[in-house]
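To keep things clear, I will list the structure first and then write my remarks on it.
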Amino acid sequence: MAQKGPLYMGFDLSTQQLKAIVVDSNLKLTQEAKVDFDADLGKYGIEKGVITNPAEGEVFAPPAMWLDAVNLVLDRLAEAGVDFGQVMGLSGAGMQHGTVFWSKKAETLMVNLDAGKSLSEQLKDALAHDMSPNWQDSSTQKQCDAFDAELGSADKLADLTGSAAHHRFSGPQIMRYRTKYPSKYDQTARISLVSSFLASVFLGKIAPIDIGDVTGMNMWDIHKGRWNDQLVALAAGGQDKVEELKHKLGDVPEDGGAGFGMVNNYFATRYGFNPECVICPFTGDNPSTILALPLRASDAMVSLGTSTTFLMSTPEYKPDPAYHFMNHPCTPGLYMFMLCYKNGGLARENIRDQIDKSGNSWDAFNDTAMATAPLSQKKGSDDMRLGLFFPLHETVPNLPAGQWRMAFNPETNNLQDVRNDFIPDDARNIVESQMLSLRLRSQKLVHSEKDPATGQQLPPQPRRVYLVGGGSANPAIANICAEVLGSVEGIYKLDIGGNACALGAAYKAVWGCERKQGQTFEDLIGSRWDESKFVQKIADGYRKGTFEKYGEAVRGFDLMEKEALKREGRIT
Ligand code: XUL
């Protein structure tokens, strides 16, 4: 039966796929479709969505492929029966930190699109550079060193912009692009992030960068809410070039919900979009993921995928070079705290495969993890067994691939090496290690609250922890997460399919289009969100005694990381 009432769309342009979903005003998912770049658009010569040039550490993707994906995903939704005429608003998310360079012809080409032809065939000349450096790119060490040094130290850069210099951030990327391709840089009229690139395509002109995503560029003064001239000058190649680059970057509106305008005619004619459909700001994939639920301050989201990401929405700003603070995409005064690890699922799988040589089954891993005492302490006076398990070069902390196993005595603070080989205890120890790292780095952001059941004052910990991603289905991981991180109300799994990020984008469109004056995202979505349908409690949280023991282990964990950093010559 045809859907009644307004519909809203959310897009997620991620590394390997473009997903699109449709929801109604009550946040009910009505349709979804996706395009898989390797499977559907292999003609672009990509693998896992990207092209690599290992000699220079470059990882990039062709925006023309994303344009084809837009046509394809809309074709698929049309086949599935979506009535685009009812779509009154749309928003989206893009993988963070990809940078796109538009040519001087871009806007003219976009307003004159012929609805009978594909986007990619008509927008070839809209790009000054046919590749977009991707978030996995690591070609900008030299530029990062310059960014970290520019204000005096990485700490100062993190304090001003929310992050120290990172390879993938647009400031260092633009600086390298300008020197590697000077004539292309001159031909670049505007610069987008992946999120604002996609917004621009739907809008038919270059859309502003969004207030959340702009804080992932190393050039935005998060306190003053404007570009920092000194950092822009560094990327641009001199004080006299600041205005030119600021023009390429554009202005950034403060309101993450205010529409940029109506959908480009191309989409109205070709797909039957309602010409009044409003294009709301598109943000990064991580900020969009925290919009998939009315996340409250002190709630944490842990994404357990190939990598691990930890996200919190918080009013507190406590920056550090090891992690990221970004503007919340919708709510002024809130920040998104983000930890981004390279190692996660792969590291756990390595241990799983040593426990169960037949491979692929988590049962033996889970049984072993649950049968092992916390921190491998058979009795309270035993040392705690701690480890770092990094099959890939890790950024949090900055350590090369390797494994470190140590024993920590919390009485004496003594740390000593133990045999650095696999033993079955590793099943528990690796999950503990990943959770201890999250606890260590988020401890300044959590507060003491009362236990709702007993009224007893609890030690500082998250209110709820929401698990998402592949590892969230694993009961042993959920349990160890509860033991280490605690949580006043427990550990929850988000039961909203694999599209949290696109869903967050669609909710943002609902909020942008239907909010009353001054109504926050949390308020509007909170009032329409049916928790019993969308989340499932999978473990109790705070466990008295165990939580405190892991608190001692955090000290040892910190010392172990510092010791490993010293041995690798990263700190003195
Ligand atoms: C975040 C980051 C990645 C991408 C993934 O800083 O670079 O999580 O957003 O798409």
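Values below: all heavy atoms of this structure, side chains included; hydrogens, waters and symmetry mates excluded. Computed from a predicted model, the values in this text were never measured in an experiment. Numbering of ligands and ligand atoms starts at 1, following listing order.
- Remark: N327 engages no residue in a side chain to side chain donor-acceptor pair (under 3.5 Å) (not counting sequence neighbours).
- Within a 6.0 Å sphere centred on NZ of K48, heavy atoms belonging to other residues, nucleotides or ligands number 12 at most.
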With a cut-off of 3.5 Å and sequence neighbours excluded, list every side-chain donor-acceptor pair involving residues 227-234.
residue, atom, partner, partner atom, Å
W227, NE1, G250, O, 3.1
N228, OD1, Q230, N, 3.0
N228, OD1, L231, N, 2.9
D229, OD1, K246, NZ, 2.8
Q230, NE2, E150, O, 3.2
Q230, NE2, E150, OE2, 3.2

Anything under 3.5 Å between an N or O on ligand 1 and a protein N or O? List each pair with its distance, or write none.
residue, atom, partner, partner atom, Å
ligand 1, 6 (O), H97, NE2, 2.7
ligand 1, 6 (O), R168, NE, 3.2
ligand 1, 6 (O), R168, NH2, 2.6
ligand 1, 7 (O), R168, NE, 2.8
ligand 1, 8 (O), N286, ND2, 3.2
ligand 1, 9 (O), Q96, N, 3.1
ligand 1, 9 (O), D285, OD1, 2.7
ligand 1, 9 (O), D285, OD2, 3.3
ligand 1, 9 (O), N286, ND2, 3.2
ligand 1, 10 (O), D285, OD2, 2.4

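- A salt bridge between E568 and R570 is absent, with no side-chain N of the basic residue lying under 4.0 Å from a carboxylate O of the acidic one.
- For the pair L119/F267, a side-chain contact is recorded, criterion being any heavy-atom separation below 4.5 Å from C-beta on.
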Which atom pairs, one a donor and one an acceptor, fall under 3.5 Å between side chains of residues 12-23 and the rest of the protein, sequence neighbours left out?
residue, atom, partner, partner atom, Å
S14, OG, Q17, O, 3.2
T15, OG1, W135, NE1, 2.8
Q17, NE2, D36, OD2, 3.4

